[in-house]
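Comments concern the structure below.
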Protein chains: 2
Amino acid sequence: MNNRADNLNIHSLAFLAKCLADENRLRILICVSKVKKSVSRIVEELGLSQPLVSHHLKELRRALLVKVERSGPFVYYEMTDQRILIILAGLDELGAALLSERTTF
Amino acid sequence: MNNRADNLNIHSLAFLAKCLADENRLRILICVSKVKKSVSRIVEELGLSQPLVSHHLKELRRALLVKVERSGPFVYYEMTDQRILIILAGLDELGAALLSERTTF
DNA sequence: TAATTATATATATAGACGTTTATATGTTGA
DNA sequence: TCAACATATAAACGTCTATATATATAATTA
């Protein structure tokens, strides 16, 4: 008689969602989803300031969404779990579905 | 050669994630996930103030996550798409997985 | 050790957001 | 129309957060 809605950890859900709720953080996360990249490479690819990228990487790390690896002077970041991409794709698809299914304009 | 990370609508993703990034909003959303409920019923079940519930319902509606239906003096809210629950369950599972898989404590 | 590069942190600020209190709007029944 | 109930909105407040600027730490090389 239980459905999916039970046993959800609201606190954990809100925490993760909050970390995914910023455009720049999403860009950074997706940027390191395929291969690990150094901070400077991320800065270069996204055109964001270095302190800003560092700040967001710290948040992403706090949420365990990325892992860190130092190599010489460089610090490499990489998405920890590919399932994150599946969830993002699901959310993206949902967003499109909600828009197309809405009855009231 | 493309992977899941391409073609994601960053803006839409951030918008949806932001709406899911508040504990009370999540509680309200899950509260109306099975059956439609009036505002007063939600207020009663969750122990939140009526203006607060109304405010969050407005946000949920803005994100198309709930739909509204008036019946007499009551206004009933209901989750628009069951896929939302699947995504929440996926996020929840991910959160647990990230915690158990982390190497650095 | 000095200089250079890479990254992190500290501080400040402006805007967004959740919440409360108070009030308004809308609906029903007498 | 008046009273009672259901819901929405407005204003005010404190807190959080994204960002910029400035500076510090860490690693490399000369």
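Throughout, protein chains are lettered first and strands after them, A, B, ... in sequence-line order, and every chain is numbered starting at 1.
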Any pair counted as salt bridge (charged side-chain N to carboxylate O under 4.0 Å, His left out), so long as it reaches residues 84-95 of chain A, sequence neighbours left out: none
Output the rounded distance in Å from CD (A:Q50) to P (D:dT25). 15 Å
Could you list the residues that satisfy side chain to side chain contact (heavy atoms under 4.5 Å, CB included) with B:D81, not counting sequence neighbours? A:L94, A:L98, A:E101, B:R83, B:I84
Output a table of nitrogen or oxygen pairs between the protein and nucleotides 10-17 of chain D separated by less than 3.5 Å.
none

Whole angstroms only, please: what is the CG-P distance between A:L46 and D:dT19? 12 Å
Could you list all the side-chain hydrogen bond (donor to acceptor under 3.5 Å, both in side chains) pairs where at least one residue sits in residues 60-76 of chain A, not counting sequence neighbours? A:K36-A:E69
Earliest and latest nucleotide of DNA chain C, 5' to 3', sitting under 4.0 Å from a non-hydrogen atom of chain B? C:dC17 to C:dT28
Can you tell me the distance, in whole Å, between the CD1 atom of B:I42 and the C1' atom of D:dA8? 14 Å
How would you list, by chain and number, every residue that makes a salt bridge (charged side-chain N to carboxylate O under 4.0 Å, His left out) with A:E78, sequence neighbours excluded? none
Sugar-phosphate only, base, or nothing, as touched by A:Y77 at under 4.0 Å among non-hydrogen atoms: sugar-phosphate
If you compare every side-chain N and O of A:N24 against the phosphate oxygens of D:dT19 (OP1, OP2), does one of them come in below 4.0 Å? yes
Using a 4.0 Å heavy-atom cut-off, does B:S40 contact any base of the nucleic acid, only the sugar-phosphate backbone, or nothing at all? sugar-phosphate
